[in-house]
Amino acid sequence: MTVKAIQRFLLTYLLLEISMVSAKVPAIIVFGDSTVDAGNNNHISTILKSDFQPYGRDFLGGQPTGRFSNGRVPTDFISEAFKIKPTIPAYLDPTYTIKDFATGVCFASAGTGYDNATSDVLSVIPLWKELEYYKKYQKDLRSYLGNDKANEVLGEALYLVSIGTNDFLENYYVLKRRSSQFSIEEYQNFLAGIAENFITELYQLGARKMSIAGLPPMGCLPLERTTNIFSGSDCIEEYNDAARIFNVKLQGLIEKLSKKLVRIQLVLSNTYDILLEIIQNPATFGFEDAATACCGTGFFEMSYLCNKITPFTCSDANKYVFWDSFHPTEKTNAIIADHVFRNSLAQFL
């Protein structure tokens, strides 16, 4: 083989490799709660919405979309990192079609949880219903792309699941619905069982690449710190401990299912450590305030309490770790997404 022939071969091989890399994740498919909801709650009967200003004021075009932030959420940044598209549309948004959803779609609903009882609190979409929407999406995708191409997309897509905080903060610690029935360890095991069933069903439906997000340091959310005012508004360590222990259980579940389910690629995306590091060392990341949120007083405002006439809302959200009392700013979301992409999801490239 001549030198030129070898060069042509190597160039062809390199181009093929690049093509294969770019095609490895053709779509991002999202399940979960308000950490990743792209606007599905806009289209259901619930009081938990964010489709009004000042939400979305730093979003592309400066419009509220139903994302619980001043801009994009982590899954948007992850989609961009995979060079797919800069935002992932909400499945229930009628302005989008299956053509838009073919490269990424979000089924998440703010306020939901692994536990069906959690979704009942604010009348949002339960996780089982998110899965039903996904099944309908599969049918529509097959009609749009044809069976073979659709099955290829569904099998190569990256499935991102971010859920669980509401189960603890709404349903266990605040409303006491489940704490009267379960010890904290029993409830963690109960939720892990639901997670196992959900992952297994997704796998049976053709999913092979999945990321399950662990819980954040939920005791450090501004709303929770506000309730801890008599202890100096410090983070509530009981809540953080519950999150850490549940994350360990999720990791054990992932190791178990990785051995049981043939050809599955399943990872835990650790958001706990990076968010806690940001909260404990905000200046390192260019923030000025990690204890209170940008919107309103920063202590309790969220959803309808965070609106365009809410007084005291900050002018520069980039100085704050949190946008409202429960959700991070776009800047924080970008940092978290970058961390998760580099440390958990890069293997899917």
Side-chain angles (χ1 to χ4, degrees), residues 20 22-33 35-44 66 73-76 78-80 82-110 112-114 116 119 124-163 194-213 253-254 257-258 260-267 269 345 348:
M20 289 175 65
S22 65
K24 273 192 173 181
V25 176
I28 303 287
I29 299 174
V30 181
F31 298 90
D33 56 24
T35 55
V36 292
D37 186 355
N40 285 308
N41 274 24
N42 300 354
H43 309 285
I44 62 173
V73 293
T75 41
D76 294 320
I78 290 169
S79 175
E80 188 171 53
F82 277 99
K83 296 180 170 57
I84 299 174
K85 53 189 178 184
T87 60
I88 300 177
Y91 181 68
L92 296 182
D93 189 334
T95 63
Y96 295 100
T97 68
I98 190 61
K99 180 180 179 181
D100 303 296
F101 298 149
T103 53
V105 60
C106 174
F107 300 100
S109 176
T112 200
Y114 285 111
N116 287 338
S119 64
V124 297
I125 304 168
L127 188 57
W128 68 264
K129 184 66 174 178
E130 291 186 27
L131 198 60
E132 290 300 307
Y133 284 140
Y134 171 68
K135 293 175 184 177
K136 174 64 166 57
Y137 162 74
Q138 283 192 320
K139 292 179 182 178
D140 292 340
L141 192 67
R142 291 186 176 113
S143 295
Y144 175 63
L145 295 177
N147 284 339
D148 291 345
K149 181 61 178 177
N151 289 338
E152 179 185 343
V153 169
L154 294 168
E156 294 294 334
L158 177 58
Y159 295 76
L160 303 177
V161 183
S162 179
I163 197 168
I194 297 172
E196 178 174 3
N197 292 338
F198 179 77
I199 294 167
T200 301
E201 188 164 359
L202 260 185
Y203 172 84
Q204 291 169 344
L205 290 167
R208 291 296 180 270
K209 301 174 180 179
M210 298 185 220
S211 164
I212 311 299
L253 172 63
I254 284 169
L257 292 179
S258 294
K260 178 181 177 182
L261 303 177
V262 179
R263 293 185 57 244
I264 196 171
Q265 293 176 264
L266 181 61
V267 299
S269 290
L345 305 181
F348 296 112

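Every value quoted in this text rests on a predicted model; they were computed, and no experiment measured them.
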request  = Name all residues meeting the side-chain contact (heavy atoms from CB on, under 4.5 Å) criterion together with Lys139; count only those two or more places apart in sequence or in a different chain, and write none if there are none.
outcome  = none
note = Residues passing the side-chain contact (heavy atoms from CB on, under 4.5 Å) test with Asp148, sequence neighbours excluded, are none
Can you check whether [X] reaches [Y] side chain to side chain, under 4.5 Å on heavy atoms?
X: Ile28; Y: Leu160; value: yes
X: Ile199; Y: Tyr159; value: no
X: Val73; Y: Thr35; value: no
X: Lys24; Y: Phe348; value: no
X: Arg208; Y: Leu261; value: no
X: Leu141; Y: Phe101; value: no
X: Leu154; Y: Arg142; value: yes
X: Ser258; Y: Ile254; value: yes

key: Note: Lys129-Glu132 ion pair, threshold 4.0 Å (strictly below)   =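 No.
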request  = May I ask you to say whether Lys209 pairs ionically with Glu156, meaning some side-chain N is under 4.0 Å from a carboxylate O?
outcome  =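 Yes.
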Over all heavy atoms of both residues, which pair between [X] and [Y] is shortest? Give the atoms and the distance, please.
X: His43; Y: Asp93; value: NE2-CA, 3.5 Å
X: Gly32; Y: Val36; value: CA-CG2, 4.1 Å
X: Leu127; Y: Gly113; value: CB-O, 3.8 Å

To the closest 0.5 Å, what do you measure between [atom1] ([X]) and [atom2] ([Y])?
X: Leu345; Y: Leu158; atom1: CG; atom2: CG; answer: 6.0 Å
X: Asn41; Y: Ile125; atom1: CG; atom2: CD1; answer: 6.0 Å
X: Glu130; Y: Asp33; atom1: CD; atom2: CG; answer: 8.5 Å
X: Thr112; Y: Asn116; atom1: OG1; atom2: CG; answer: 8.0 Å
X: Leu145; Y: Asp140; atom1: CG; atom2: CG; answer: 11.0 Å
X: Ser211; Y: Gln265; atom1: OG; atom2: CD; answer: 12.0 Å

request  = Indicate whether any N or O donor in one side chain lies under 3.5 Å from an N or O acceptor in the other, for Asp37 and Ser109.
outcome  = no
query = What's the verdict on side chain to side chain contact (heavy atoms under 4.5 Å, CB included) for Val161 and Met210, showing C-alpha distance, side-chain angles and the deciding distance?
reply = CA-CA 8 Å; Val161 183; Met210 298 185 220; 5.9 Å; no
Cut-off 3.5 Å, no hydrogens considered: what does the side-chain donor-acceptor table look like for residues 82-92, sequence neighbours left out?
from: Lys85; atom 1: NZ; to: Asp100; atom 2: O; distance (Å): 2.6
from: Lys85; atom 1: NZ; to: Thr103; atom 2: OG1; distance (Å): 3.0
from: Lys85; atom 1: NZ; to: Gly104; atom 2: O; distance (Å): 3.1

query = Which of parallel (below 30°), tilted (30 to 60°) and perpendicular (above 60°) describes Tyr134 and Phe31?
reply = perpendicular
inquiry  = Applying side chain to side chain contact (heavy atoms under 4.5 Å, CB included) to Glu201 and Asn197, what does each step give before you reach the verdict?
reply    = CA-CA 6 Å; Glu201 188 164 359; Asn197 292 338; over 6 Å; no
message = The test is side chain to side chain contact (heavy atoms under 4.5 Å, CB included); show your working for Val105 and Tyr133 and say whether it passes.
response = CA-CA 11 Å; Val105 60; Tyr133 284 140; over 6 Å; no
